[in-house]
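Working notes for the structure below.
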Protein chains: 2
Amino acid sequence: MSSSSTNPGTLSYEQAGVNYDLIDPLKVAAQRAAAATAGHLSAHGFSEVKASRGESAYVVDVGPFYLASIVECLGSKALVADEMKALTGKSYYDGIAQDTIAMAVNDLITVGATPLVVQAYWAAGGSDWFGDAQRAQALVEGWKKACDVCQVAWGGGETPALAGIVEGGRIDLAASCTGIINPKTRLSVGDALAPGDAIVLLASSGIHANGLSLARKLVERLPNGYLTEVVPGLSYGDALLAPTTLYSPVTEALAKAGISMHYCANITGHGWRKLLRHPSRLTYRIQAVPAVPPVLKFIQQHAQQDDREAYSTLNMGAGFALFVAAADAERTVEIAKAQGIEAIVAGRVEAGDKQVVIEPLNIRFGDDDLQLR
Amino acid sequence: MSSSSTNPGTLSYEQAGVNYDLIDPLKVAAQRAAAATAGHLSAHGFSEVKASRGESAYVVDVGPFYLASIVECLGSKALVADEMKALTGKSYYDGIAQDTIAMAVNDLITVGATPLVVQAYWAAGGSDWFGDAQRAQALVEGWKKACDVCQVAWGGGETPALAGIVEGGRIDLAASCTGIINPKTRLSVGDALAPGDAIVLLASSGIHANGLSLARKLVERLPNGYLTEVVPGLSYGDALLAPTTLYSPVTEALAKAGISMHYCANITGHGWRKLLRHPSRLTYRIQAVPAVPPVLKFIQQHAQQDDREAYSTLNMGAGFALFVAAADAERTVEIAKAQGIEAIVAGRVEAGDKQVVIEPLNIRFGDDDLQLR
């Protein structure tokens, strides 16, 4: 079953220019080669947590605790910031910095890790990128502020000028993040996930940093481009550039409250299909959906996507999914809200086929829907 | 005092297109903001090793051991691989993969860390980059092989297609690396460096991955471009593409042999001025220089650089400097050789002005030479 619509006006993610058929064979070869290196850890007296292969962060057992690490890319969201800067004169790079850190931190925490150190990777198309003091300062300040929110130390990083590799006037942004899982019982690679668990969805702030290829492509269809209003007083560009929510304050607060995460999914590039991430055969029954941010409603409408296509591509208001014991569900929502992040108990895990059933919208995603990419 | 030559035919690093005057204000602002985040570690019961700020890798005290992390960029060496592929049909990306890992690993080990996990950051200009199966396979195989040499686990990574940010047909390569310093006595941030210590220089394999802007610029002056012979049977392009030596087998073997590194310097972008990296006021007296790889001799000659300019820009045969107790010097050389890496006892640390004195070449670099870049 494919997630593609048959409506000829529909703009799908694939049509927006990312061809996974070309990337996937490399990914498979790389994953195979990477898995074959795990044995090296034994030379140092350590071992990998095998279940973390294929999860969002890689985990190594170093004895007293687990070590988790990751590198993540912002993607193409900075291109929207550049377009909007040209239109409004405003620098959006403080938000872009937060987006970049969020890509790394929100993935790292899915395995139960406390993020400790972030490293910055800012590869510009030329030295002159850094010569725009306002923009550079916004990037630095936003990066620092996001580190403050996540209580993570900014260790350092790289600021290469890569003329000939990165396009002139552009910047390739990424972040690496290292954390520890301590106590080791915080490890969350899905062993504890079981029928009866509650699914708590944490609100997103908008598109976050996934689906931007589609969102940028859509601009061609809009009467006023990025300045087209999503709701009165809010332009499409401004709405897209809402910084990604940082979820580590929630996962840290949960740990402090003694609530165990049975599993997590950072809802990114595959929309709600990410709820199928866990390898087990389980059904995820959704009985309540969160409010959809105006910019995502707007994209769905202008890209002529049906609900199925929209929920299979975009986060539709749910940026992060927490799977917890049913008894902990309401307290999990309260703890998230105390951190300033809206949350709902959206549904439950059930025995049954591997599928997500979004009852209020009459959508079903099966196992093959996530395999597709 | 500047490192620039007054010979009008000389090609300097700055002339090759990297303008540090534009990057440096951002770097300073970023370093200041980063330093201000260190306090967050206390929320998790940890603290930074302050002396690691400004060193090649960032170090955190996590109790039973230290944690070190880094992200590093390959730079522009892949552009040479692309040019040579067009000329010879050969894929050089296995070597390029090793270069990228070396950039991260060789920096991480300077603080005394054992590299444990490498993450790959491969950002291509479009999905089609990954469609060249021979090249993609070479990248994967080279990456795996370098991990094998360093006994490091390849955790995973990112393979984004970033059309509009990375140039079409190009790839932006970087690696993050996480390691631990265990036992904690292995921490090497320079506290132990003292007059009387020996300076051991480990051989480089060629230009490594620094100075490539200059090396690429130089091609315009060569009769046969990248195919100009450096020595009979070895083209300039092939010589440039010799993969960077991985030094972690040496530092690990030294630790096993009980030899303490008082300090290390990975000799990269500033040539032998990197010997001045340590913050103390000390004199580094060099009495023997290693053999210069033919490609570096060739660059020096064709860029019309005097020895001073060449040694201030390129590694000139010394890829990594180890500062050890004089009594350990000969054994350090033997251990490096046992790992297949040439090494010499090149000189000693003395009380005195902050300077490098290369006696055989009558060169002196003072403190201001490293500030200048």
Side-chain angles (χ1 to χ4, degrees), chain A residues 17-19 22-23 26-27 29-30 33-34 36-38 40-41 43-44 48 58 60 62 64 67 69-73 75-76 79 114 116-117 119 121 123 127-128 130-131 136-137 140 144 147 151-167 170 172 174 176 178 180, chain B residues 17-19 22-23 26-27 29-30 33-34 36-38 40-41 43-44 48 58 60 62 64 67 69-73 75-76 79 114 116-117 119 121 123 127-128 130-131 136-137 140 144 147 151-167 170 172 174 176 178 180:
Chain A
V18 178
N19 184 345
L22 291 173
I23 302 178
L26 168 87
K27 269 195 158 172
T37 62
H40 294 315
L41 292 168
H44 314 295
E48 74 170 12
Y58 183 63
V60 173
V62 292
L67 191 64
S69 62
I70 196 165
V71 66
E72 283 291 327
C73 170
S76 63
L79 294 175
T114 301
L116 290 184
V117 179
Q119 303 278 357
Y121 183 72
S127 317
D128 56 333
F130 300 108
Q137 197 55 36
V140 168
K144 159 86 164 54
C147 289
Q151 293 201 296
V152 72
W154 177 2
E158 274 274 273
T159 55
L162 296 181
I165 295 175
V166 175
E167 295 211 4
R170 304 297 184 190
D172 180 18
S176 75
T178 302
I180 64 169
Chain B
V18 178
N19 184 346
L22 291 174
I23 303 178
L26 169 87
K27 268 195 159 173
T37 62
H40 295 315
L41 292 168
H44 314 295
E48 75 171 11
Y58 182 63
V60 174
V62 293
L67 191 65
S69 62
I70 196 167
V71 67
E72 283 292 327
C73 171
S76 63
L79 294 175
T114 301
L116 290 184
V117 179
Q119 303 277 356
Y121 183 72
S127 318
D128 55 333
F130 300 108
Q137 196 55 36
V140 168
K144 160 85 164 55
C147 289
Q151 292 201 296
V152 72
W154 177 1
E158 275 273 274
T159 55
L162 295 181
I165 295 175
V166 175
E167 295 214 4
R170 304 297 184 190
D172 180 18
S176 75
T178 302
I180 65 170

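By convention in this document, chain letters (A, B, ...) are assigned in the order of the sequence lines, proteins followed by strands, and residues within each chain are numbered from 1.
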At a heavy-atom distance under 4.5 Å, which candidate from [options] has the highest pair count against chain A?
options                                  : value
Cys73(B), Gly157(B), Ser76(B)            : Cys73(B)
Ser69(B), Ser176(B), Ala136(B)           : Ser69(B)
His44(B), Arg170(B), Glu167(B)           : Glu167(B)
Ala30(B), Ala38(B), Pro160(B), Ala174(B) : Ala30(B)
Cys147(B), Ala43(B), Gly164(B)           : Gly164(B)

Quick one: closest heavy-atom pair of Val62(B) and Pro64(B), and the distance?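 That would be O-CD, 3.0 Å.
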Closest non-hydrogen contact found for Ala29(A) with Gln137(B) is CB-OE1, 3.9 Å
Tell me, for [X] versus chain B, whether the close heavy atoms (under 4.5 Å) come from the side chain, the backbone, both or neither.
X         : answer
Ala123(A) : side chain
Val117(A) : side chain
Val71(A)  : both
Ile180(A) : side chain

Atom group of Thr114(B) that falls short of 4.5 Å from chain A, counting heavy atoms: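 For Thr114(B), the contact with chain A is made by the side chain alone.
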Which bit of Glu72(B) is near chain A, if near means a heavy-atom gap under 4.5 Å: side chain, backbone, both or neither? both
Please determine, by modelled atom types, if Tyr58(A) and Gln119(B) share a side-chain donor-acceptor pair under 3.5 angstrom.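 Not at all, the side chains of Tyr58(A) and Gln119(B) share no donor-acceptor pair under 3.5 Å.
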Non-hydrogen side-chain atoms of [X] and [Y] separated by less than 4.5 Å:
X         : Y         : answer
Tyr121(A) : Asp172(B) : yes
Leu67(A)  : Thr178(A) : yes
Leu41(B)  : Leu116(A) : yes

Given Thr159(A), Val152(A), Ile165(A), Leu79(A), the one with more heavy-atom pairs under 4.5 angstrom with chain B than any other is Ile165(A)
Counting heavy-atom pairs closer than 4.5 Å to chain B, which one of Gly75(A), Gly131(A), Gly156(A), Ala163(A) comes out on top?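 Answer, by heavy-atom pair count under 4.5 Å with chain B: Gly75(A).
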Quick check against the 3.5 Å criterion: does Ser127(A) have a side-chain atom that pairs as donor or acceptor with the backbone of Ala161(A)?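 Side chain of Ser127(A) to backbone of Ala161(A): no pair is present.
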Short side-chain to backbone donor-acceptor contact, Gln151(B) and His40(A), under 3.5 Å: no
